There are 2 protein chains.
Amino acid sequence: MAEASATIPGAGQVGSKGTDTRSAILTRALDIASVDGLEGLTIGRLASELKMSKSGLFAHFGSKQELQLATVGAAAERFRIAVIEPALGAPDGVPRLRAIAAAYLTHLEGNEYSGGCFWAATSAEYDDRPGPVRDAIAAALDSWLGELERQARIAGSPGPGRFAFEMYAVVMGANSRYRLSKDPEVFAYARDAIDRLLAEPPG
Amino acid sequence: MAEASATIPGAGQVGSKGTDTRSAILTRALDIASVDGLEGLTIGRLASELKMSKSGLFAHFGSKQELQLATVGAAAERFRIAVIEPALGAPDGVPRLRAIAAAYLTHLEGNEYSGGCFWAATSAEYDDRPGPVRDAIAAALDSWLGELERQARIAGSPGPGRFAFEMYAVVMGANSRYRLSKDPEVFAYARDAIDRLLAEPPG
DNA sequence: CCTACCGATCGGTAGG
DNA sequence: CCTACCGATCGGTAGG
């Protein structure tokens with residue numbers, strides 16, 4: 001078993017075993033973080049749930065911060081697969097925006113993740129804690145907002161920045177209200193709000 | 001709103017010393033929780049910042065959970081004073097809704113609290129953790145949403161529940177985006193969204 | 001309101 | 001990937 005020559009042990013492996021283990025760790029880490037945050041994601045808890053030793057798990061990342069950053073990266077990939085890629089079949093502009101909102105809301109409504117939206121949970125947790133973890137979360141959200149703004153511009157919106165903000169607010173608001181109230185009616189409210197946003201005259 | 005009497009040591013004191021100490025503790029607790037959450041609010045940290053012993057502080061609440069519940073209660077009171085009461089001069093309905101939104105956004109924009117909106121931070125933190133703390137946060141938010149809905153009904157909104165959801169989403173979205181981007185333009189976006197919401201024909 | 005202490009858990013290290 | 005350990009901090013208690 002040759003060690004990879006990465007600075008972070010395990011992080012650069014291409015062999016199937018190390019990659020599989022790392023992937024299994026991150027899948028579990030995403031679930032924990034969406035419920036209990038990136039602080040609640042402790043190495044001891046993660047190791048115990050995966051029936052590994054703490055130090056064995058630790059060796060994959062080298063520090064808790066690197067584990068957190070890897071988890072944020074995995075969340076971005078999962079978001080891309082679940083929300084962005086399914087919408088790529090829709091044409092740019094209004095249809096694409098409609099498809100992205102629909103994919104996101106369906107995603108939440110399906111209760112696929114025990115803690116709801118990873119980004120809602122972790123951005124609220126880290127928005128006031130300076131450092132690389134906050135920066136990575138902020139960059140992922142800026143990238144999403146940027147895509148909404150770009151599509152709004154293509155759609156001829158008079159205020160693409162404002163449009164992106166409102167669409168973000170509505171879908172995040174739906175996550176937030178659903179987590180607390182468990183009332184599925186919020187998804188109907190959110191879909192209605194998105195419909196009206198998309199129907200707005202561009203003047 | 002009288003304090004409960006006495007099962008919790010220190011909680012029912014009316015003498016000025018105990019009340020002042022408790023009030024000072026909760027003021028500091030609110031600030032910590034808005035930045036680092038109700039888990040980041042540790043007894044040791046709070047005691048050290050207030051130059052008290054851990055056990056001296058602990059005696060005021062009896063458990064960490066009681067400290068958290070007292071902090072949630074103090075946040076509700078502060079919210080009422082900063083957002084609800086200033087709007088009571090405006091007539092019921094649209095003017096009241098406009099005043100509440102304005103007070104909340106001005107409040108956030110003023111950077112009075114180091115961690116932004118206490119409710120945004122703690123509801124995201126506790127929405128998936130069953131227990132009395134989650135219940136208290138959910139009740140406070142339900143109460144606020146209920147007031148928005150009530151005012152929307154008075155204003156003749158065709159969908160008061162939907163209206164309350166959208167107004168909530170916009171103001172919470174402004175907090176969330178401002179915490180991460182530090183771009184004050186989000187407040188202009190939010191005010192514009194509120195104006196359009198309030199101008200909507202009731203048909 | 002204090003000192004002194006408890007067992008559990010934290011992130012992390014030594015050495016294999 | 002493991003056992004065995006480290007100092008720091010957690011919530012909480014005893015006793016005053």
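So that the names make sense, note that chain A is the first sequence line, chain B the second, and so on, each numbered from 1. Computed from a prediction, not measured in an experiment: that's the story for all the values here.
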Residue pairs passing the salt bridge (Lys or Arg N to Asp or Glu O under 4.0 Å) test where at least one lies in residues 171-180 of chain A, sequence neighbours excluded:
A:R177-B:D142, A:R179-B:D128
Pairs flagged by ring pair (Phe, Tyr, Trp, His ring centres under 6.0 Å) wherever residues 36-59 of chain A is involved - sequence neighbours left out
none
Tell me, please, which residues at least two apart from A:Y104 pass side-chain hydrogen bond (donor to acceptor under 3.5 Å, both in side chains).
none
Just to be sure I understand the geometry, which residues of residues 35-57 of chain B put a non-hydrogen atom under 4.0 Å away from DNA chain C?
B:M52, B:S53, B:S55, B:G56
Could you check how far CZ of B:F61 sits from P of C:dC1, rounded to whole Å?
10 Å
Identify the stems formed by DNA chain C, where each pair is Watson-Crick or G-U wobble with both distances under 3.5 angstrom and a stem is at least 3 consecutive pairs.
C:1-16 with D:1-16
Tell me the interatomic distance from A:F58, atom CZ, to C:dG11, atom C1', rounded to whole angstroms.
6 Å
With salt bridge (Lys or Arg N to Asp or Glu O under 4.0 Å) as the rule and sequence neighbours excluded, what pairs involving residues 104-122 of chain A come up?
A:E109-A:R191
Side chains of residues 69-85 of chain A: which donor-acceptor pairs under 3.5 Å do they make with residues two or more places apart or in other chains?
| from | atom 1 | to | atom 2 | distance (Å) |
| --- | --- | --- | --- | --- |
| A:T71 | OG1 | A:L67 | O | 2.8 |
| A:R78 | NE | A:Y113 | OH | 3.4 |
| A:R80 | NH1 | A:E85 | OE2 | 2.7 |

Selection residues 155-164 of chain B - residue pairs positive for salt bridge (Lys or Arg N to Asp or Glu O under 4.0 Å), sequence neighbours left out
A:D192-B:R162, B:R162-B:E166, B:R162-B:E200
Does A:K54 reach the main-chain N or O of A:R45 with its side chain, forming a donor-acceptor pair under 3.5 Å?
no
Results of side-chain hydrogen bond (donor to acceptor under 3.5 Å, both in side chains) for B:R150 - residues two or more places apart only
B:E147
Whole-Å gap separating C1' (C:dG11) and CD (A:E66):
14 Å
